[in-house]
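In what follows, every heavy atom counts, from backbone to side chain, and hydrogens, waters and symmetry copies are set aside.
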Amino acid sequence: MVAKVKPIFNNRELSWLAFNERVMQEAMDPAVPVIQRLRFLGIFSNNLDEFFKVRVASIRRIAALTPSKKKNPNELNPQELLIEIQNKVLTLQQKSEVVYAGILKEMERNGIFVLNEKQLDAGQAYRVKKYFAENIRSQLVPLALNNRNKLPLLNDDSIYLGIKMSDLSEEKPSFKYFIIEIPGDSTIPRFVVLPQTNKDTTEIVFIDDILRLCLNRIFFMFDYEKIEAYTFKITRDAELDLDDDLSKSFLEKMKDSLQKRPYGRPIRLVYDSSTPDDLHWLIMRKLGIKETDNVIPGGRYHRLRDLMDFPRVRPDLEDELHHPLLHPSLKLYSSILNVIRKKDILLNYPYQDFIHFVDFLREAAIDPNVKEIYITLYRVAKNSKVINALANAAKNGKQVTVMLELQARFDESANIYWSRVLQNAGAHVLHGVEGMKVHSKIVLIKRKERKNIRGYAYVGTGNFNESTSKLYTDLGLFTVHPGIVEDVEKVFHFLENPHTRFECDHLLVSPYRMRQKLAHYIEREIENAKNKNEAFILLKVNSLVDEKMIELLYKAGRAGVKIRMIVRGTCGLSPEVQGLSENIKIISIVDKLLEHSRMAIFCNGGKNKYFIMSADWMSRNLDRRVEVGTPVYDKKIQKILRDIFEIQWSDNVKARNMSPQLLNTYIIPKNNEKRIRSQSELYKYFENVDN
C-alpha cells in the first residue's frame, strides 16, 4: 500500500513573489509590444512596493514578537522567511534591471530614446535647463545631511537624490552631503518628452536626470570641485493602528490613523548600487535602517512603477485594448429594469461595457417608482459616475444607503472624501462592521410596482469602479429572483444591524456559512466520486491559501474528484503531486487584462451548481470579511460561465503551469495545435454570444 503524501502548503509570500515574476515575464516577452512591456515592468515594481508595505511589514512585526524556534520543521519561521524573501527579491531586482536595459534597446530600434543628462546635445541641454527653470527650480529645497541636523520625515511615495559634494583643493579634503526630493505630481511628470527635431525619433528624459544636469544651478552658493547624485527610495510600514478611544467615531479614528501612516517604520531601502559608501551609510544611519533590514541595491532609477504612466508616444507599440461591447439584451437609452424584470443578465467586464451598471443606477436615481437603493462600495474611480448617480438619487428623494468601507487599503482617504460627498447629498452612509472589512459587491433596488415592492439585485465579483472595469475581468449578475433578492436584503439588514444573525437560502455569505457551504459542495463531490459517479470541481480565484480549504481539495483529489483551477496570484496548493494531488491541475493566466473574476462550478451529480463570488479562498475572506457569492440559475448564463472557464483553460499563449516548484513555465501548443490567447478569444466570444 502506497503511503499518502502529507499535505503541502506553499508559502504565501514566496508564492506571491512567483506571481509577480509572472508579471515580469510579460515584460520579457518579445511578442508583447515594447511599450506595453515597459508598463508591465512598472506593474511589477508597483506590486513589489505594496508587497513590502503590507506583507513584509507584517512579517517583520511578527518576527519581532516570535521566537526563532518553529513547531513544524518543514515551515519557515518569520526570521528565515524574511531571509528567503530578501534573497528572492534581490534576484528579481537584478533580473528587472536586465529586462529594463533590454526594453530600452528595443525602443531605440523603434526610434524612442530615453536619454540621461550626459547624452543630451547642446540644444537639448538648453531646452532641459529652460524647463528646469520654469517648472522645477522653485519646488526644490535641499536637506543638509550632517551630524547636527535631524533628518526630517522622508515620504515613502517619493524618490530622492543623495548628493555628495567634494572639495579636494585643500590639504584635507572636505565633503558635504544633501538630500533632494524629486518633485512628482500631475504638473511635473516623471518623464519629459523633448521637442521633436526628427519625425522618426522621440527623445525622453527622466526628471531625475534633469536635476542631475542642473545640480550647479541648485547648489550655486557652494564651492566644490565635484558633485554627484544617486537615487534612493524608502518603503514604510503601511499598517494603520486604530486607537481604542471610545469617544471617537470610526471615521475620526481612521482620519487620525491615516495621519500617522507617513511615520511608519522604514522597512526597505532601495538605492543606486554605485552610491559611494560614505553617502550610503550616512543615509542608512539617518533613516534608522540597519544592515540586516531589507537593503536592496539597484540601478540608476527607482520607483519604476511610474513606467505605467510612460508617455503614450507610439500607440502602435502598445497592446491595444478592445472597445467594450454592449450587452445584446441591453440598449442605451432604454430601461434596464424592464429587461432584468424579464430575465437574469450577466455582465462580463471589460468585454462588456460597465456603462450598463452605471445606467442601472442612473435609471434608479430618476425613476419615480424606485423608493430605496442599497449598495456596498470598496474602491471607486477618481471621478466616480457611481457616486454621482447615488448622490443624485439621494437628492431626488430616494432612500439611499451606502456601505462605504473605510479600510480599503490605500483608498482610505478617498473613501473618507466620498463619504462626505454622499452624506452632504442626503445619503445614509455606513462605515463598516467592527472587526471585519465589507468586501462584497452587491446592490439592492426597491421599486413600487402596482401595489407591491419588487427588489432588483446585483451581485458581482469586482469593484464598482469604471476605471478598473476597463482593465480587470469581472462578472456581475442582475436578477429579480425572489430568493436571491431576499438574501441580499438580509445582508444589508445585517450591515445596518451588525449584531443580528441571519441565514441565507441562496447566497454564500462570509463570515456566516460561505465556508461551510463551499465545504458541503466539495464533500458532495467526494461522496459522488467514492460511489463511482462523475465528480468534478472547476474553480477560478485570485488567491488560494486557506489551509482548511486546501486540505479539503487534496482530500477530494485523492477521492477521484477531477479538479481544475485557474489561480491568478498566490496559490498554497501544489498540484499534480504523486499520492497527494494527481487529480488537481492548476494554471495561472497573466495577460494585458488583470484576471479578477471568481467562480466555482460543481458537478453535483450531473445537476451542476454555478457560483460567482467576491471572495478569494483565503482565511481573511472566508472568516474576517463580509463577502457574497450568488448561485446562477439561468441555463443560458450557466453555459456562458462554463464557456468562459473552458476558453481560459484552453489558453496556450498566456497560461502558466502552476507546478509545485513555482517555475512559471508557459503552457505551449502541441504539434499543430491552434494558439489560443484566451482574453482575445473571449472578446470574439462575446461579440457573438446571445444572452
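Look at Asp651 and Lys654 and you find no salt bridge, because none of the NZ, NE, NH1 or NH2 atoms lies under 4.0 Å from a carboxylate O. For Lys684 and Glu681, the salt-bridge test passes: some basic side-chain N is under 4.0 Å from an acidic carboxylate O. Between Lys592 and Glu318 there is no salt bridge, since no side-chain N of the basic residue sits under 4.0 Å from a carboxylate O of the acidic one. Comment: Arg109 engages Glu106 in a salt bridge, judged by a side-chain N to carboxylate O separation of less than 4.0 angstrom. Residues Arg236 and Asp156 are not paired through a salt bridge, judged by the lack of any N-O separation under 4.0 Å between the basic side chain and the carboxylate. A salt bridge between Arg300 and Asp209 is present, with a side-chain N of the basic residue lying under 4.0 Å from a carboxylate O of the acidic one. Arg642 and Glu646 are joined by a salt bridge, as a carboxylate oxygen and a charged side-chain nitrogen come within less than 4.0 angstrom of each other. The residues Lys441 and Asp474 are annotated as not salt-bridged, no charged nitrogen and carboxylate oxygen being separated by less than 4.0 angstrom. Taking a cutoff of 4.0 Å between a charged side-chain nitrogen and a carboxylate oxygen, Arg37 and Asp29 do not qualify as a salt bridge.
In plain terms, the two heavy atoms of Ile62 and Pro78 that are nearest each other are CG2-CG, 3.7 Å.
Exactly one of Thr202, Val192, Val193 qualifies for a side-chain contact (heavy atoms from CB on, under 4.5 Å) with Pro311. That residue is Val193. Asp237 pairs in a side chain to side chain donor-acceptor pair (under 3.5 Å) with only one of the listed residues (Arg268, Lys53, Arg61), which is Arg61. Under the salt bridge (charged side-chain N to carboxylate O under 4.0 Å, His left out) rule, Arg656 has a single partner from Glu26, Glu595, Glu21, which is Glu26.
For the residue pair Ser274 and Asp272, a side-chain donor N or O sits within less than 3.5 Å of a side-chain acceptor on the partner. At a cut-off of 3.5 Å, with distance as the only test, a side-chain donor of Ser588 or Arg22 sits close to an acceptor on the other residue. Side-chain contact of Arg212 with Thr231: a donor-acceptor pair under 3.5 Å is present, judged by distance alone. If you check the side chains of Lys382 and Ser467, you find no donor sitting under 3.5 Å from an acceptor.
For Tyr458, the ring pair (Phe, Tyr, Trp, His ring centres under 6.0 Å) partners at least two apart in sequence or on another chain are Phe357, Phe464, Phe478. Applying the side-chain contact (heavy atoms from CB on, under 4.5 Å) rule to Thr91 yields no partners; only residues at least two apart in sequence or on another chain are considered. Listed by chain and number, the residues in a side-chain contact (heavy atoms from CB on, under 4.5 Å) with Ile8 are Asn10, Tyr554, Ser574, Val577, Leu580 (sequence neighbours excluded). Listed by chain and residue number, Asp49 satisfy the salt bridge (Lys or Arg N to Asp or Glu O under 4.0 Å) test with Lys233 (two or more places apart in sequence, or in another chain). The side-chain contact (heavy atoms from CB on, under 4.5 Å) search around Val689 returns Ile640, Tyr685, Phe686, not counting sequence neighbours. Applying the side-chain contact (heavy atoms from CB on, under 4.5 Å) rule to Leu104 yields the partners Tyr100, Met107, Val114; only residues at least two apart in sequence or on another chain are considered.
Ring-plane geometry between His356 and His327 is classed as perpendicular, the angle between the planes exceeding 60 degrees on a 0 to 90 degree scale with a lower cut at 30. Ring geometry, Tyr301 versus Phe206: the interplanar angle falls under 30°, so the pair is classed parallel (tilted spans 30 to 60°). Aromatic ring orientation, Phe310 versus Phe191: perpendicular (interplanar angle above 60°, classes split at 30° and 60°).
Side-chain contact check for Phe354 versus Leu347: every heavy-atom pair is 4.5 Å or farther apart.
Under the 3.5 Å distance criterion, the side-chain polar atoms of Thr461 are left unmatched by any main-chain donor or acceptor of Met613. Distance alone, capped at 3.5 Å, is enough to place a donor-acceptor pair between the Gln679 side chain and the Leu593 backbone. A side-chain donor-acceptor contact under 3.5 Å links Arg314 to the backbone of Asn110.
The distance from the CD atom of Glu405 to the OG1 atom of Thr376 is 10.0 Å, given to the nearest 0.5 Å. A distance of 3.5 Å separates CD1 in Ile112 from CD1 in Ile35, rounded to the nearest 0.5 Å.
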